Structures are given as structure tokens and as C-alpha cells.
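Taking it in order: structure first as C-alpha cells, then the write-up.
Computed from a predicted structure; not experimentally measured.
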Amino acid sequence: MVKHLPSLRHWRRKRRAETPARGGADQRVAVIGLGRFGSSLAGELMRRGWDVLGIDTDARLVQKYSDSLTHAAVADCTDVQALRQLGVHEFTSAVVAIGTDVEASILVSSNLLEAEVPNLWAKAISRQHGQILERLGVHHVVLPEHEMGERVAHLVTGRMLDFIEFDDDYALVKTVAPQVVTGMPLGESQVRRRYGVTVVGIKRPGEGFTYATADTVVQKGDVLIVTGKTHAVESFAELS
């Protein structure tokens with residue numbers, strides 16, 4: 001049940017009175033779990049102009065973030081009535097950011113799905129946990145530790161400056177231009193045919209990023225934004 005609700009009436013009046021901003025988009029989100037992941041996510045959403053309701057069972061965490069979020073409440077969201085008291089069932093977006101308590105994560109996610117929250121994200125701490133959440137019907141499951149581990153591994157072991165992999169085995173990387181493609185236009189180096197990747201952007205030292213075309217001449221020291229199948233962009237980034 002809800003244990004502590006500072007200014008809850010004000011929060012609910014505010015939500016009812018406000019019209020959705022930015023072309024009618026609902027920019028209110030409930031973040032359940034204010035540990036490292038949840039608090040970081042909530043803070044970034046606030047920075048981007050969203051209204052954030054932060055919820056945790058730990059009163060110390062709620063107190064810590066109460067001044068930086070739109071509203072923060074101490075509540076056990078495994079209790080359906082607590083969710084209803086907070087009005088979370090009225091939100092179009094919610095994030096279950098609960099850490100190591102897998103049972104609580106599953107129960108809260110189930111409650112939010114039963115409440116038909118249309119856009120539900122949930123953090124998983126293992127692939128098995130993630131599979132359970134997916135079977136429940138959670139719309140978006142993230143494994144932040146696993147995904148960050150893969151990303152850092154790519155950066156540590158290669159020439160990549162950044163790496164983002166998508167679900168369908170495609171990746172977007174930022175890498176220093178390999179010597180084999182420098183000194184000639186991209187169309188002439190035939191990057192796509194030879195290496196199976198597409199150069200979508202280029203940055204020269206002291207300049208901003210620009211879109212790449214077939215006529216773009218790659219120079220030594222240029223930084224490229226490259227996309228393609230994961231294995232292809234990995235191989236391209238390793239070229240000398």
C-alpha cells in the first residue's frame with residue numbers, strides 16, 4: 001500500500017488540469033524503482049521536459065529525489081490498490097526499474113499490464129528474467145548491464161569510438177576512417193559492395209558531422225558513422 005504521498009492531491013489535480021504538451025503527446029511517465037538505473041532514467045526524462053512520478057518502497061530514496069522529480073512517492077506497487085491511488089493506471093507510459101527483486105519486478109509488471117498501461121518498459125537483470133517479462137507481455141524489455149557490457153567490449157577491443165546494436169542484428173558505429181578508404185570518394189572506394197556497410201556521416205577534426213555522399217572524399221583522421229550488419233561493421237572498423 002501507499003505509505004507516504006507528499007502533495008499527492010496537488011499532483012493529481014495538476015495532471016487532470018494540464019493539457020498534453022508538444023502537439024498532444026502525453027509526456028508523463030511513472031518510474032517504479034529509484035535505484036541507480038531508475039533514478040538516472042527519471043533524471044534524464046525530467047531534463048527532457050517530461051513529468052515524472054518516481055515510486056520506490058525505500059523512503060530514503062524517495063526523499064533523496066523528491067525535489068528533482070515532478071512527484072515522488074513511497075509505495076509498494078505489487079499492491080494494485082497502491083497503483084490506483086497513485087493514478088499510475090491512467091498513465092500511457094511506465095517503467096519498471098526494480099533492481100534485484102525479480103519477484104517484485106514480475107508482479108509490478110503484471111499489475112501494470114492488467115491496468116492496460118499502453119507503453120510499458122521493464123528492466124531485466126538476466127536473460128531468463130527478460131524472457132519471463134516478454135512472456136507476460138511487457139512491451140519493451142531492457143538488460144542495461146548486459147547491453148552496456150557488450151558495448152564496452154566492442155570499444156575496448158577495437159577502433160570503434162561508439163557502438164549501438166539493434167534487435168535485427170544491425171549496428172551503428174562511430175569509428176576512425178580506415179586507411180583503405182582514405183584519399184578517394186566513397187563511391188570510388190565502393191564501401192557498400194566491398195565491405196557490406198554504409199557510411200552515413202563524416203566528421204573532420206574541428207568541424208561538425210555532415211551527411212556522407214558518393215562524392216565525399218574521406219581523409220586521414222576523419223571519423224565515420226557507419227551502419228550495416230553487426231559482423232560487417234565490426235570487420236570494417238578493424239580495417240587498417
Side-chain angles (χ1 to χ4, degrees), residues 21-23 25 27 29 31 35-50 52 68 93 95 97 119 121-127 130 134 139-240:
R22 300 184 189 179
Q27 293 192 267
V29 59
V31 177
R36 284 175 295 183
F37 175 73
S39 61
S40 176
L41 172 66
E44 180 62 19
L45 288 168
M46 288 291 295
R47 191 184 69 79
R48 296 184 180 214
W50 284 59
V52 179
S68 57
S93 297
V95 181
N119 192 25
W121 295 74
K123 171 188 174 181
I125 60 173
S126 67
R127 289 198 178 277
E134 287 174 348
H139 312 120
H140 311 280
V141 176
V142 294
L143 289 89
E145 288 84 0
H146 175 78
E147 291 165 1
M148 182 55 70
E150 285 189 340
R151 182 181 180 193
V152 173
H154 279 91
L155 305 185
V156 169
T157 60
R159 292 159 47 93
M160 297 181 195
L161 303 175
D162 207 348
F163 174 90
I164 301 173
E165 188 171 24
F166 304 101
D167 288 340
D168 51 0
D169 195 34
Y170 273 81
L172 183 72
V173 305
K174 177 181 174 184
T175 185
V176 176
Q179 187 176 351
V180 293
V181 300
T182 60
M184 67 185 82
L186 285 169
E188 185 179 328
S189 62
Q190 299 183 334
V191 170
R192 187 178 301 176
R193 183 182 67 82
R194 291 182 178 177
Y195 309 109
V197 302
T198 300
V199 178
V200 296
I202 186 169
K203 183 184 186 303
R204 298 219 160 89
E207 300 180 13
F209 272 104
T210 59
Y211 288 110
T213 69
D215 297 325
T216 300
V217 178
V218 179
Q219 299 176 5
K220 183 178 180 180
D222 285 350
V223 172
L224 306 179
I225 300 296
V226 182
T227 187
K229 287 282 190 179
T230 302
H231 68 86
V233 295
E234 289 173 339
S235 297
F236 180 77
E238 293 302 320
L239 292 172
S240 58

Study note, to complete from the structure: Residues V233 and T230: closest non-hydrogen pair is CG2-O, 3.2 Å

Review point. Considering the options V173, I225, T175, V223, which one meets the side-chain contact (heavy atoms from CB on, under 4.5 Å) requirement together with L161?
Key: V223

Check your understanding: side-chain contact (heavy atoms from CB on, under 4.5 Å) with T198: which residues, sequence neighbours excluded?
Key -> R192, V200, T227

Review point. Rounded to the nearest 0.5 Å, what separation is found between the CG atom of L186 and the CG atom of L224?
Key: 7.5 Å

Review point. Is there side-chain contact between M46 and S68, with at least one heavy-atom pair below 4.5 Å?
Key: no

Practice item. Could you check if a side-chain atom of E44 sits within less than 4.5 angstrom of a side-chain atom of R48, using non-hydrogen atoms only? Key: yes

Revision key, fill the gap. To the nearest 0.5 Å, atom CD of E188 lies from atom CG of D215 at 11.0 Å

Exercise for review: Might you point out which heavy atoms bring M160 and A237 nearest each other, and give the distance in Å?
Suggested key: CG-CB, 3.8 Å

**Study point:** S40 side chain vs F37 backbone, donor-acceptor pair below 3.5 Å
**Key:** no

**Study point:** Nearest non-hydrogen partners of Y195 and A232, listed with the distance
**Key:** O-CB, 3.6 Å

Practice item. Could you check if a side-chain atom of P185 sits within less than 4.5 angstrom of a side-chain atom of V218, using non-hydrogen atoms only? Key: no

Check your understanding: Under 4.5 Å between any side-chain heavy atoms of W121 and H139, yes or no?
Key -> no

Practice item. Before giving the answer on side chain to side chain contact (heavy atoms under 4.5 Å, CB included), spell out for E165 and Y170 the whole-Å C-alpha distance, their side-chain angles and the decisive distance to 0.1 Å. Key: CA-CA 6 Å; E165 188 171 24; Y170 273 81; over 6 Å; no

Review point. What's the shortest heavy-atom distance between A124 and V141, and which atoms?
Key: CB-CG1, 3.9 Å

Review point. Has R204 got more than 12 heavy atoms of other residues, nucleotides or ligands less than 6.0 Å from its CZ?
Key: yes

Check your understanding: In this structure, are over 12 heavy atoms from other groups packed under 6.0 Å from Q179 atom CD?
Key -> no

Review point. So which heavy atom on G183 is nearest to which on V217, and how close?
Key: C-CG1, 4.0 Å

Check your understanding: Out of curiosity, K220 NZ to D222 CG, how far, rounded to the nearest 0.5 Å?
Key -> 12.0 Å

Check your understanding: Heavy atoms, side chains only, cut-off 4.5 Å: are N119 and H140 in contact?
Key -> yes

Check your understanding: Does a side chain donor of either H231 or D169 reach within less than 3.5 Å of an acceptor in the other side chain?
Key -> no

Practice item. Of all the heavy-atom pairs spanning A97 and G38, show the shortest one and how long it is. Key: CB-CA, 3.6 Å

Check your understanding: Got a salt bridge between K203 and E207, using NZ or NE/NH1/NH2 to carboxylate O under 4.0 Å?
Key -> no

